[in-house]
Visitor: 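Just passing along the structure, written as structure tokens.
Bear in mind the structure is a predicted one, so any value in this text is a computation, not a measurement.
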Amino acid sequence: MAAETVVDSPPSTLSGVARVLVNAGKLNAKTAEELTKSARERKSSFVAAVVGGGAMKPDELAHTLSSALALPLVDLAAVDMQKLPRNLVDPKIANQYQLIVLGKRGNRLFIGAADPTDQEAVERIKFATQLTPEWVIVEYDKLAKELEQQGASANEVLETLATADFDFDVTEEDAAAAEGADVTAEVEDAPVVRFLQKMLIDAINLRASDLHFEPYEYNYRVRFRVDGELREITQPPLAIKDKLASRIKVISRMDIAEKRVPQDGRMKLKFGTKAIDFRVSTLPTLFGEKVVIRILDSSSAKLGIEALGYEKIERDRLLNAIQRPYGMVLVTGPTGSGKTVSLYTCLNILNQPGVNIATVEDPAEINLPGINQVNVNDKAGLNFAIALKAFLRQDPDIIMVGEIRDLETADIAIKAAQTGHLVMSTLHTNDAPTTLTRLMNMGVAPFNIAASVLLITAQRLARRLCENCKKPADYPRESLLKAGFQAEEIDGNWKPYRAVGCSACNNGYKGRVGLYQVMPITEAIQKIILSEGTALDIAKQAQLEGVRDLRQSGLVKVRTGVTTLEEVITVTNE
């Protein structure tokens with residue numbers, strides 16, 4: 001009787017990757033058992049034991065598992081790690097089970113791992129994300145290197161900053177305030193102080209307008225708003241969130257013991273040879289205090305009106321209006337459209353020794369020497385209307401009201417404009433013509449509006465093209481006509497530009513430029529107001545008088561190569 005051939009099957013004690021490798025003929029059963037025992041003693045994974053012991057090379061192991069398990073194989077060296085999704089899986093879970101998130105599609109989460117047989121990891125990810133994991137094989141050495149780099153960037157950022165050298169100090173006033181507060185050792189934690197200084201310096205160098213420090217359940221995120229867009233900068237360790245918030249609150253003269261309600265404050269820090277103001281706002285969230293810091297660079301108000309992006313005819317109209325002895329000039333636009341800088345620029349032009357200027361704001365953003373600035377304080381009963389009444393007893397020449405929000409403020413401001421004062425203010429409306437109808441809807445009498453308002457400026461901010469990398473673009477004729485260009489303009493010898501992107505800019509853009517609708521209140525428009533005409537009637541008359549709307553103003557910037565057609569359409573698409 002012929003002897004039967006016996007297949008050497010793997011022992012029942014082997015499981016997962018060990019069993020797969022024995023079945024594939026890459027390891028014998030004895031070696032697999034020894035490596036399993038070694039991994040258990042060292043409290044590491046079987047894959048780590050295989051690669052570390054030299055039993056198989058990482059690429060050979062990855063190809064074997066991919067073939068045996070019919071799973072896709074990805075080379076991490078060819079993946080842009082900066083573009084991978086973050087925060088979908090807790091970093092602790094990623095490190096514990098040695099895996100990395102590669103992408104998400106629908107309810108499927110694509111997980112890169114060197115050991116795709118770990119069912120415990122599958123259950124943990126399912127429970128934590130409510131998504132279905134789809135395994136992708138990656139090479140163990142490249143995965144370990146990437147996880148190590150991520151851990152270093154999160155855990156060692158504070159320690160490396162602690163030895164860095166920054167010339168960025170708190171001013172004497174804020175230092176005194178900090179000493180007077182109940183400062184604990186954790187608030188003065190040197191690495192936290194260094195980290196905050198580093199973030200502020202980076203924000204200023206990137207020309208950011210705001211910094212966001214955001215705590216979540218499993219991570220802590222820092223984002224900057226650069227050229228109007230938020231971008232993630234870093235994810236420091238979650239453990240610093242309370243220390244960082246306390247440090248910011250101390251130097252901003254807030255109550256560090258109060259964490260249940262929002263707080264507002266200011267701080268002034270020395271950056272090189274100049275001091276820069278920061279406005280600070282805290283907000284209690286589910287997982288800690290979110291802090292937003294706005295950079296208030298007073299030099300932006302001193303750039304001059306030429307730097308703001310006004311075309312010559314628009315600039316002349318505005319300058320003529322603010323040189324008038326009395327009347328009202330209104331600036332309108334959404335939050336973040338540059339209204340404050342425009343008003344401060346005008347005030348800076350008018351700020352002369354023989355002129356008394358008073359402003360009431362919520363809050364005063366930029367400190368201008370020679371101008372009497374007042375902050376609204378609702379708790380103390382100081383609102384815009386009360387401050388305005390007080391101003392009229394202070395012998396002012398020029399009054400600036402941060403925002404006209406109600407009928408009482410509007411009435412007092414208009415009366416001031418009619419009694420020999422130049423009044424400047426802002427409203428939140430979409431364009432210049434709707435500002436007039438908004439005042440009527442508030443309850444202001446049409447004859448008061450017609451008699452007091454001199455000029456209205458509506459504005460938006462569009463990203464400015466980088467001069468280093470912008471390239472001519474070819475658009476279909478129909479697209480240009482639809483955007484608002486005239487046929488004769490398209491047939492001219494010019495081409496719009498497109499954003500490209502280089503090391504000196506942000507995706508092809510660098511800085512921002514204003515788009516303006518500057519509408520003087522002429523006799524014809526006054527008649528429409530007195531007859532209680534609509535915003536459409538006012539807009540039609542303004543067009544007849546040569547006033548560009550926001551889209552037309554943006555198209556001028558496109559023709560001169562200052563910005564792109566896409567950017568203008570985005571910011572004027574109303």
Side-chain angles (χ1 to χ4, degrees), residues 78-88 101-105 149-150 153 198-214 221-236 292-295 297 300 303 307-309 333-338 341 459-476 479-480 482-485 494-516 550-551 553-574:
V79 175
D80 185 352
M81 294 298 168
Q82 299 300 319
K83 294 184 179 179
L84 293 184
R86 298 189 181 185
N87 311 328
L88 293 176
V101 178
L102 296 174
K104 175 179 174 288
R105 182 179 298 167
Q149 287 178 346
Q150 288 183 3
S153 64
K198 174 83 164 59
M199 288 297 98
L200 293 172
I201 290 172
D202 287 349
I204 292 167
N205 288 336
L206 286 171
R207 309 178 314 280
S209 59
D210 302 86
L211 299 84
H212 293 243
F213 298 89
E214 302 169 316
R221 179 172 68 172
V222 180
R223 294 191 292 174
F224 293 173
R225 188 176 294 279
V226 181
D227 294 338
E229 288 192 332
L230 274 174
R231 67 161 85 161
E232 185 171 316
I233 299 300
T234 185
Q235 289 198 18
V292 175
I293 300 177
R294 168 157 285 191
I295 301 174
D297 189 358
S300 62
L303 291 173
L308 299 184
T335 302
S337 60
V341 171
Q459 64 182 71
R460 299 290 187 276
L461 287 178
R463 291 181 293 171
R464 188 189 290 268
L465 272 168
C466 173
E467 293 295 332
N468 293 332
C469 62
K470 67 180 184 180
K471 296 282 178 64
D474 287 314
Y475 291 99
S479 298
L480 295 174
K482 187 177 179 181
F485 282 108
W494 70 278
K495 276 194 173 183
Y497 285 87
R498 61 182 174 86
V500 178
C502 64
S503 59
C505 66
N506 179 26
N507 296 325
Y509 297 97
K510 187 175 183 180
R512 290 193 285 180
V513 65
L515 310 181
Y516 302 96
L550 289 165
R551 172 61 65 85
S553 178
L555 295 180
V556 171
K557 298 292 191 295
V558 174
R559 284 207 62 179
T560 53
V562 175
T563 189
T564 62
L565 184 60
E566 293 87 351
E567 185 70 8
V568 168
I569 291 172
T570 300
V571 299
T572 62
N573 191 20
E574 296 163 351

Visitor: Going by the rule salt bridge (Lys or Arg N to Asp or Glu O under 4.0 Å), which residues pair with R223 if we only count those two or more places apart in sequence or in a different chain?
Guide: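 With neighbours one apart ignored, the set is E214.
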Visitor: Give me the atom names and distance for the closest heavy-atom approach of G554 to L515.
Guide: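 The pair with the smallest heavy-atom distance is CA-CD2, 3.7 Å.
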Visitor: What are the two closest non-hydrogen atoms of G484 and L555, and how far apart are they?
Guide: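 Here G484 and L555 meet closest at C-CD1, 3.5 Å.
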Visitor: Using the side chain to side chain contact (heavy atoms under 4.5 Å, CB included) criterion, which residues pair with S209? Sequence neighbours excluded.
Guide: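 Partners of S209 under the side chain to side chain contact (heavy atoms under 4.5 Å, CB included) test: R225.
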Visitor: To the nearest 0.5 Å, what is the distance between NZ on K495 and CZ on R559?
Guide: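 Between atom NZ of K495 and atom CZ of R559 there are 14.5 Å.
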Visitor: L211 versus I295: any side-chain heavy-atom pair under 4.5 Å?
Guide: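 SC-SC contact between L211 and I295 confirmed.
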Visitor: If you round to the nearest 0.5 Å, how far is OG1 of T572 from CZ of R460?
Guide: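 With rounding to 0.5 Å, CZ (R460) is 8.5 Å from OG1 (T572).
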Visitor: Under the side chain to side chain contact (heavy atoms under 4.5 Å, CB included) test, which residues partner L461, sequence neighbours left out?
Guide: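 Here the qualifying residues are R512.
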Visitor: Using a 4.5 Å cut-off on heavy atoms from C-beta on, say whether the side chain of C505 contacts that of E467.
Guide: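 They are not in side-chain contact.
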Visitor: Under the side chain to side chain contact (heavy atoms under 4.5 Å, CB included) test, which residues partner R207, sequence neighbours left out?
Guide: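 R207 satisfies side chain to side chain contact (heavy atoms under 4.5 Å, CB included) with D227, K510 once adjacent residues are dropped.
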Visitor: Could you tell me the separation between the CG atom of L206 and the CD1 atom of I201, rounded to the nearest 0.5 Å?
Guide: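 It is 12.0 Å, given to the nearest 0.5 Å.
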Visitor: Kindly write out the residues that satisfy side chain to side chain donor-acceptor pair (under 3.5 Å) with N507, not counting sequence neighbours, or none if the list is empty.
Guide: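 None.
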Visitor: Looking at V226 and A208, what are the two nearest heavy atoms and their distance?
Guide: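 Reported closest heavy-atom pair: CG2-CB, 4.0 Å.
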Visitor: Hey, could you give me the CD1/CZ distance between I233 and F224, rounded to the nearest 0.5 Å?
Guide: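 It is 5.0 Å, given to the nearest 0.5 Å.
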Visitor: Partners of K557 by side chain to side chain donor-acceptor pair (under 3.5 Å), sequence neighbours excluded?
Guide: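 Result, side chain to side chain donor-acceptor pair (under 3.5 Å) vs K557: E311.
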Visitor: So, taking the atom named OG in S337 and the one named OH in Y516, what distance separates them when rounded to the nearest 0.5 Å?
Guide: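 So the gap between those two atoms works out to 9.5 Å.
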Visitor: Where do P236 and V222 come nearest, in terms of heavy atoms and distance?
Guide: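 Distance-wise, the nearest heavy atoms are CD-CG2, 3.9 Å.
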Visitor: With sequence neighbours left out, write down each residue that passes side chain to side chain donor-acceptor pair (under 3.5 Å) with Y509, or none if nothing qualifies.
Guide: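 Result, side chain to side chain donor-acceptor pair (under 3.5 Å) vs Y509: T564.
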Visitor: For V513 versus G309, what's the shortest heavy-atom pair and its separation?
Guide: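 So the minimum-distance heavy-atom pair works out to CG2-CA, 4.0 Å.
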Visitor: For R231, give me all partners under salt bridge (Lys or Arg N to Asp or Glu O under 4.0 Å), at least two apart in sequence or on another chain.
Guide: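 None.
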Visitor: Taking salt bridge (charged side-chain N to carboxylate O under 4.0 Å, His left out) as the cut-off, I'd like each qualifying pair that reaches into residues 562-571, sequence neighbours left out, listed once.
Guide: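 Qualifying pairs: R463-E567.
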Visitor: Hey, could you give me the NZ/CD1 distance between K482 and I569, rounded to the nearest 0.5 Å?
Guide: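 If I round to the nearest 0.5 Å, the distance is 9.0 Å.
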Visitor: Just to verify, what does Y497 make a ring-ring contact (aromatic ring centres under 6.0 Å, His included) with, not counting sequence neighbours?
Guide: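 Here no residue qualifies.
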